[in-house]
Amino acid sequence: MKIQIRPHGYWTDERVIEESKKYKTKMEFKKCSSTAYKTACQRKLIDGMTWLKTDRHKKRGPRKDHKYTKEVILSFIQEHNCVTFAEFRKLNEYAYNQAKKNNWFDELGLIRNKHEDGYWTKNNVLKVARNYDNKNDFQKNEPSAYKWASEYGLLDKMDWMKPKSFEERKDEHNSVVYVYLDEANRVAYVGLTIDNKVRKQKHKYESNSAVRKYFGKNIPEPIVLKDNLTILESQYYEDYYKKQYIKDGYELLNVAPTGVNVGSIGGITKWASKEKVFEESKKYSCRSEFRQGASGAYDRAKFNGWLDEMTWLTTPEREVFWTHDAVIEESRKYKYKCDFRDNAGGAHQTASENGWLAEMTWLIDKKRPHNYWTKERVFEESHKYTNKKDFGNSEKGAFLKARIKGWLAEMPWLKPLPLGKISKWTREAIIEESKKYTSRTEFALKSPTAYQHACEDKTIFNEMPWIQPKRKPAGYWKVKEHVIEESKKYKNRRAFSDGSYSAWRSAKDNGWIDEIFPKK
């Protein structure tokens, strides 16, 4: 649909009111004519538009405190052809609550909700859950029962819904080996899965997916290399095709190792039983080795709290580096407590745990307490510096306080930085640069550094007669000839408004705008 662009100033009060009468509600007015609606709100016209009704009654009922009799409720139900209590409640919650309060439900002739309040006991939840063999179908078809199962903590106890283990699925022929290809740049990713659709979604949306990181939003469709495989066969072919693509000169995005009994098994839970996890853990001497060598088994043990039972996994003793003397020596490198904490986290943590921070009296808080910078302290601090720039950079809080309170003028020891040889902006260079501009505003915008140096010595502007103040004298734009002369610089009303707002405003207020830019 083509958007109609109105000329600036189109929405007069009369046009706004005329436009609003096309609509029944404020929401409809706002949606269909947003500019007119906004203008009506800004000019306080909206309150007088009594023909615009509110939308609230559609959702909750005509009036909150209205007393509904049984006869009124029955006529309301017939009028709106309500069939269920849910429909009735959605149309008018106040009437619904009145009927509930007076026990009229049995006389209304409506179909009751599928499950009343208090229906979902633990037994009823389990009874319904028995009809499903996986949690996805359970959640999709019985969302209320699933919600209560989660509330009761029953989901982990539904053993019949747990996915099949590695042993139960290792002989099934439903594994697929696939590849994502970028032929132009010779890049490939080889993987395997038992559910191609789910795996595609994970590659598309998971932030740590190598496929998503490489392709971004333009992920191509995967190419199926081999299907109807068992788990061990899919592991073999994944490793086979990976080596084949490397041999053909492709760069592989794969990070994890591949091979039979080595690589991924496509989303199947391998470490389902406690016995297998414990058997695997006995191959390692400490937890870090266990985590690196069999991350799946380690994660399962950690989730179920079995790590403490694995006494053969010892924690190797580490050499204590942060002794008392080492911590004290490290802390002396810093002036503030926060710098010590941020730059020497290990030393700071050790000092905190052993109560050594109290000994470090040389470490001070970087943030001053509220109202710390009194006039005496500000002046005392300012004497450490010879110019305002160093003062502001080194102690910003004191400098800001001095600037706000106007104390900088009382600090003659803070000299302005000399232009000197370190700056190209000598007095002559500044004057030469200023000749390119006709106003201070233009000078400041197009050559800010030269303008800043000029401001530090305000007498320099006396030598720049070509730099005129841009602001016009009071009443300048009330003269029609001035406005017309200014308008000749612009092609249309919009350009006039953007380039010289004060002149445009005067032309509009005085009725000259149609004469300057006639309507077509």
Side-chain angles (χ1 to χ4, degrees), residues 1-105 107-111 113 477-478 492-498 501-520:
M1 187 177 86
K2 188 177 179 181
I3 299 174
Q4 187 176 5
I5 300 175
R6 309 282 188 184
H8 193 82
Y10 174 84
W11 289 114
T12 60
D13 291 357
E14 293 76 17
R15 283 174 173 161
V16 169
I17 292 171
E18 183 183 350
E19 179 71 15
S20 70
K21 290 181 178 178
K22 299 177 183 177
Y23 311 104
K24 295 180 180 179
T25 66
K26 292 181 182 179
M27 187 62 69
E28 186 183 3
F29 183 23
K30 182 179 180 180
K31 184 178 179 180
C32 298
S33 186
S34 58
T35 308
Y37 177 84
K38 183 179 179 181
T39 305
C41 292
Q42 290 173 344
R43 298 178 185 174
K44 311 294 184 185
L45 300 175
I46 195 74
D47 295 333
M49 298 176 180
T50 53
W51 51 89
L52 296 177
K53 307 297 182 183
T54 179
D55 290 338
R56 285 193 64 213
H57 69 282
K58 289 185 178 180
K59 185 176 181 181
R60 292 301 184 190
R63 295 187 300 278
K64 183 178 180 180
D65 56 351
H66 186 81
K67 300 297 182 182
Y68 290 94
T69 62
K70 189 192 303 182
E71 290 72 23
V72 171
I73 292 174
L74 285 169
S75 65
F76 179 86
I77 291 171
Q78 291 174 1
E79 179 185 351
H80 294 86
N81 297 319
C82 297
V83 177
T84 66
F85 280 99
E87 293 175 353
F88 173 37
R89 184 175 186 178
K90 186 176 181 180
L91 284 170
N92 195 319
E93 188 169 346
Y94 303 117
Y96 174 88
N97 289 335
Q98 195 76 12
K100 184 178 180 180
K101 182 179 179 182
N102 291 284
N103 296 317
W104 296 336
F105 278 2
E107 303 173 46
L108 299 181
L110 297 174
I111 299 173
N113 301 333
W477 295 121
K478 291 183 179 180
N492 52 50
R493 298 187 187 198
R494 175 58 63 85
F496 187 19
S497 171
D498 293 342
Y501 179 82
S502 298
W504 171 84
R505 185 78 256 175
S506 178
K508 184 172 174 60
D509 292 343
N510 290 287
W512 305 331
I513 193 72
D514 291 334
E515 180 183 343
I516 297 170
F517 295 104
K519 291 183 179 179
K520 296 179 180 180

Is a side-chain donor-acceptor pair under 3.5 Å present for S506 with W512?
-> no
Any idea which heavy atoms bring H80 and L91 closest together, and the distance?
-> CB-CD1, 3.7 Å
Any donor-acceptor pair under 3.5 Å from S75 side chain to V72 backbone = yes
With rounding to the nearest 0.5 Å, note down the distance linking NZ in K100 to CD in E93.
-> 10.0 Å
Hey, are the side chains of W11 and S33 touching, using non-hydrogen atoms and a 4.5 Å cut-off?
-> yes
Taking the six-membered ring of W51, is the NZ or CZ of K24 close enough (under 6.0 Å from the centre) and on axis enough (within 45°)?
-> no
Can you sort out the partners of Y23 under ring pair (Phe, Tyr, Trp, His ring centres under 6.0 Å), two or more places apart, ordered by chain and number?
-> F29
Check: W104 main-chain N/O paired with N102 side-chain donor or acceptor under 3.5 Å = no
Quick one: pull up OG1 in T69 and CD in Q98 and give me the separation to the nearest 0.5 Å.
-> 9.0 Å
Nearest-0.5 Å distance, CZ of residue R505 to NZ of residue K508 | 6.0 Å
What is the minimum heavy-atom distance between A99 and L108, and which atoms define it?
-> CB-CD1, 4.0 Å
Do the side chain of T39 and the main chain of T35 share a donor and acceptor less than 3.5 angstrom apart?
-> yes
Report the distance from atom CD of E28 to atom CG of L52, rounding to the nearest 0.5 Å.
-> 9.0 Å
Rounded to the nearest 0.5 Å, what separation is found between the CZ atom of R494 and the OG atom of S497?
-> 7.0 Å
Please name the pair of heavy atoms, one in I516 and one in A507, separated by the smallest distance, quoted to 0.1 Å.
-> CD1-CB, 4.0 Å
Evaluate the side-chain proximity of W504 to W477: yes if any heavy-atom separation is below 4.5 Å, no if none is.
-> no
Taking all non-hydrogen atoms of both residues, which atom of F76 and which atom of F88 are closest, and how far apart?
-> CD2-CE1, 4.0 Å
So, are D514 and R493 salt-bridged, with charged N and O less than 4.0 Å apart?
-> yes
Contacts of L45 meeting side chain to side chain contact (heavy atoms under 4.5 Å, CB included) (sequence neighbours excluded), chain-then-number -> D13, V16, A40, R43, M49
Salt bridge (Lys or Arg N to Asp or Glu O under 4.0 Å) partners of E18, counting only residues at least two apart = none
Distance, nearest 0.5 Å, that separates CD1 of I73 from CD of Q78 | 12.5 Å
